[in-house]
Amino acid sequence: MSEENPRDAVPSLNFIEEIIEEDLHKGKYKTILTRFPPEPNGYLHIGHAKAICLNFGLGLKYGGKTNLRFDDTNPVTEETEYVDSIKDDIRWLGFTWAEELYTSDYFDTLYGYAVNLINKGLAYVDDSTSEDIAAMKGTPTEPGRDNQYRSRSVEENLRLFTEMKAGKFKDGEKVLRAKIDMAHTNMLMRDPILYRIKHAHHHRSGDKWCIYPMYDFAHGQSDSIENITHSICTLEFIPHRELYDWLIEKLEIFPSHQYEFARLNMTYTVMSKRKLLQLVNEGHVTGWDDPRMPTLSAFRRKGYTPESIRTFCDKIGVAKRENFIDLSLLEFCLREDLNQKALRVMAVLDPVKLIIDNFDAGLTEELVSENGPDESLGKRTLQFGKELWIEREDFMEEPAKKWFRLAPGSMVRLKSAYIITCESFVKNEAGQVTEIHCTYIPESRSGSDTSGIHVKGTIHWVSAAHAVTAEVRLYDRLFTVENPLGEEGDFKDSINPNSLQIINDAVVEPSLKHALAENRYQFIRKGYFCLDKDSTADKLVFNRTVTLKDAWAKEVKKN
RNA sequence: UGGGUUAUGGUGUAAAGGUAGCACAACAGAUUUUGAUUCUGUUUGUCUAGGUUCGAAUCCUAGUAACCCAACCA
């Protein structure tokens with residue numbers, strides 16, 4: 001190729017990167033500062049990962065920085081437990097914040113801003129009930145109306161606001177509102193509430209305050225205090241931008257700018273913190289880190305790698321259009337990563353006994369197997385004997401079309417061991433297969449096969465004499481439908497009743513006795529697994545991270 | 001019946017008036033001591049109707065659809 005295709009030469013930018021590059025190019029900023037601003041009232045989910053990767057990624061890409069700022073202006077829903085989990089999740093994803101900040105640290109400054117606004121005649125204390133405020137606000141199609149409190153004097157407003165701060169009033173008795181325009185087409189500009197009274201203990205400021213700023217009078221101001229250049233949030237905040245800019249202008253403070261992108265939606269799950277909290281509180285899952293949840297702590301426990309989530313966030317892109325991402329894309333990113341990292345081991349989830357009739361009963365043969373396709377993963381020794389456990393589903397009494405596993409008379413290879421021929425099988429009264437008898441071909445030993453025989457199927461196995469019992473937890477999607485919110489009725493009606501299957505007596509190869517929590521394993525032919533935190537020295541517990549792609553399952557489905 | 005935002009294959013996302021590309025998914029085949037991985041190939045798209053232009057996903061006009069806004073939540 002002598003000529004370069006300009007399409008390949010220029011990597012495409014998302015719309016926020018375009019804005020930043022233009023700002024930098026024009027010299028509007030020398031460097032950028034972004035922020036990730038979670039409210040500590042729940043655990044972070046995969047949707048937050050998109051925002052984290054965006055904000056931190058931009059900081060990294062353009063040589064700027066990113067702050068972590070807890071948006072803690074509502075003491076009744078916020079807790080330190082959430083602060084800690086959020087920090088853990090961000091670190092796990094692999095990002096480092098420049099500064100750890102709290103909106104609550106700005107309460108004094110914010111109070112001063114409010115006084116400033118009152119002095120300018122741009123804010124007033126309103127005695128109305130919340131019902132009255134709502135009634136006077138109008139609707140999207142009808143303008144709101146001014147009330148009697150709107151015309152209070154600056155002096156009176158100052159006095160009342162001071163008294164609000166001093167705790168002279170009960171919750172809900174008074175609020176401070178901006179004086180903008182009750183007939184504005186943007187509902188948020190109809191004299192938005194700036195401060196409300198809440199006699200509540202705050203997780204950081206304790207009992208110092210009984211008035212707390214609203215989101216609109218905290219977020220943009222915090223951005224400004226920190227000199228955030230690009231304040232990135234999700235689409236539903238678009239109408240807030242007008243107010244964001246108005247307040248910055250009237251307060252005459254550093255002009256941060258807000259840009260909005262579309263939040264992540266994904267099939268077979270829900271992404272709202274409120275709904276996730278509901279699933280936790282109502283016991284549909286065991287907690288925020290239940291591996292069926294879309295939270296980062298759940299993905300981590302389930303065995304997802306941070307790299308796979310970052311790749312995913314990179315692949316889904318950033319735009320302003322509503323999106324609905326296939327879960328399969330996330331799983332693709334995961335498998336791609338795990339395929340390189342996972343140690344291959346053998347585990348039988350649904351064991352049935354296989355007896356090799358022509359193998360010495362007392363003998364244990366040691367075989368060497370690779371730990372994975374990449375040589376750097378090393379090798380290990382396997383024990384092989386007369387009696388083995390194999391997967392029940394790898395034997396078919398009456399083989400289906402294109403079946404190339406075990407069946408009466410058929411040959412398969414035992415992974416890393418020998419080729420065997422199925423001679424007979426035994427059933428109990430219930431009609432269940434209890435024993436499969438085979439003969440092995442001594443010359444077919446893995447690595448030194450001189451038999452010249454080629455078989456189509458290879459199956460995994462565990463020596464019965466050396467097997468270790470383990471609990472294995474198989475997870476499936478939490479909901480049975482792609483969009484639980486799109487269904488009639490409650491989203492919880494679509495919960496998958498089979499989202500968790502616990503296998504108590506799986507048998508795994510003995511090397512797994514020393515399984516490490518930080519390792520990823522591929523149970524050959526069954527999927528990727530990791531050690532669960534419930535695992536103990538006496539009892540191994542594994543989580544299935546994700547299945548392998550299964551072409552045979554598709555084949556079966558077709559017929 | 002107000003204001004705002006967005007429309008490109010099944011799902012995402014590029015193309016800044018000049019070849020509609022990439023990824024996932026789906027399908028077909030090759031390889032395979034994991035029915036995995038890997039490799040090859042195929043199907044499917046510019047919301048609609050007009051207009052400008054040699055040429056329109058892109059510009060203009062008029063529609064249509066989806067989403068957001070009436071919390072003392074963020």
Side-chain angles (χ1 to χ4, degrees), chain A residues 7-8 11-14 18 37-39 41 71-74 76-78 126 128-130 133-135 137-144 171-177 184-190 193-198 212 214-216 218-219 233-242 260 262 267 273-274 315-333 335-336 339-340 344 346 369-370 373 402-405 412-417 419 444 446-447 449 454-460 482 522-527 547-555:
Chain A
R7 281 175 162 183
D8 301 332
S12 65
L13 304 174
N14 66 49
E18 283 180 6
E39 183 189 11
N41 68 345
D71 221 339
D72 55 352
T73 58
N74 186 0
V76 298
T77 57
E78 295 153 5
D126 192 332
S128 309
T129 61
S130 73
I133 289 177
K137 201 162 191 177
T139 68
T141 53
E142 300 160 56
D171 287 9
E173 246 179 77
K174 283 182 169 47
V175 291
L176 181 74
R177 302 178 72 178
H184 205 286
T185 51
N186 181 348
M187 297 282 295
L188 281 153
M189 297 297 274
R190 321 240 260 231
I193 294 171
L194 268 22
Y195 265 93
R196 77 289 214 188
I197 300 170
K198 274 181 195 278
Y212 292 93
M214 295 286 288
Y215 167 84
D216 286 303
H219 200 104
C233 60
T234 47
L235 251 31
E236 65 269 28
F237 290 95
I238 289 176
H240 293 253
R241 190 175 61 228
E242 194 170 10
E260 313 84 8
T267 55
K273 267 201 259 183
R274 217 194 92 250
K315 281 190 197 290
I316 58 179
V318 176
K320 299 190 79 151
R321 132 181 33 142
E322 293 288 340
N323 59 80
F324 200 52
I325 310 282
D326 270 342
L327 211 213
S328 59
L329 180 60
L330 211 211
E331 294 186 336
F332 168 81
C333 297
R335 291 192 183 105
E336 186 179 48
N339 180 45
Q340 296 179 50
R344 314 295 137 127
M346 293 201 276
S369 180
E370 74 287 346
K402 295 191 200 167
W403 176 261
F404 42 84
R405 279 121 90 162
V412 296
R413 173 172 293 279
L414 293 170
K415 172 72 181 171
S416 299
I419 293 175
S444 67
S446 226
D449 186 348
H454 286 280
V455 292
K456 195 91 190 254
T458 299
I459 64 172
H460 60 281
E482 283 200 341
Q522 185 195 109
F523 289 1
I524 289 179
R525 302 207 306 132
K526 298 309 301 180
T547 60
L548 257 25
K549 273 174 74 179
D550 190 346
W552 174 249
K554 267 185 196 170
E555 187 68 31

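Naming: A, B, ... by sequence-line order, numbering from 1 per chain. Keep in mind that what you see is a predicted model, and the values were worked out from it rather than measured.
- By the side-chain hydrogen bond (donor to acceptor under 3.5 Å, both in side chains) test, A:E336 pairs with no residue at all, sequence neighbours left out.
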Requested in this report: Determine, for nucleotides 69-74 of chain B in 5'-to-3' order, which nucleotides have protein heavy atoms under 4.0 Å from the base (write B), from only the sugar-phosphate (write S), or from neither (write -).
Outcome: SB-BSB
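- Partners of A:R525 according to the salt bridge (Lys or Arg N to Asp or Glu O under 4.0 Å) rule, which considers only residues two or more places apart in sequence or in another chain, are A:D394.
- Residues meeting the salt bridge (Lys or Arg N to Asp or Glu O under 4.0 Å) test with A:K273, sequence neighbours left out: none.
- Between A:T141 and A:D550, the residue anchored closer to the 5' end of RNA chain B is A:T141, taking for each the nucleotide with the nearest heavy atom.
- Annotation: side-chain hydrogen bond (donor to acceptor under 3.5 Å, both in side chains) contacts of A:E482 (sequence neighbours excluded): none.
- Taking 3.5 Å as the limit, the base of B:G35 and the side chain of A:R525 contain no donor-acceptor pair of atoms between them.
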Between the protein and nucleotides 11-13 of chain B, which nitrogen or oxygen pairs come in under 3.5 angstrom?
from, atom 1, to, atom 2, distance (Å)
B:U11, O3', A:F324, O, 3.0
B:U11, O2', A:F324, O, 2.7
B:G12, OP1, A:F324, N, 2.7
B:G12, O2', A:I316, O, 3.0
B:U13, OP2, A:R321, NH1, 3.1

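- Applying the side-chain hydrogen bond (donor to acceptor under 3.5 Å, both in side chains) rule to A:S328 yields no partners; only residues at least two apart in sequence or on another chain are considered.
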Please tabulate the protein-to-nucleotide N/O contacts below 3.5 Å involving nucleotides 28-32 of chain B, giving atom names and distances.
from, atom 1, to, atom 2, distance (Å)
B:A28, OP1, A:K558, NZ, 3.3

Report summary line: Read 5' to 3' with Watson-Crick or G-U pairs under 3.5 Å, [ ] for crossing pairs and | for partners on another strand, RNA chain B gives .((((((..((((....[..)))).(((((.......)))))....(((((..]....))))))))))).....
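- A:K315 pairs by the salt bridge (Lys or Arg N to Asp or Glu O under 4.0 Å) definition with nothing, not counting sequence neighbours.
- With sequence neighbours left out, the salt bridge (Lys or Arg N to Asp or Glu O under 4.0 Å) criterion links A:K198 to no other residue.
- Partners of A:D216 by side-chain hydrogen bond (donor to acceptor under 3.5 Å, both in side chains), not counting sequence neighbours, listed by chain and number: A:H240.
- With distances taken from any side-chain atom of A:S328 to the nucleotides B:A25, B:U34, B:U37, the minimum falls on B:A25.
- Side-chain proximity of A:I238 to the nucleotides B:G4, B:A25, B:G35 is greatest for B:G4.
- A close approach under 4.0 Å does occur between a side-chain nitrogen or oxygen of A:K554 and OP1 or OP2 of B:A26.
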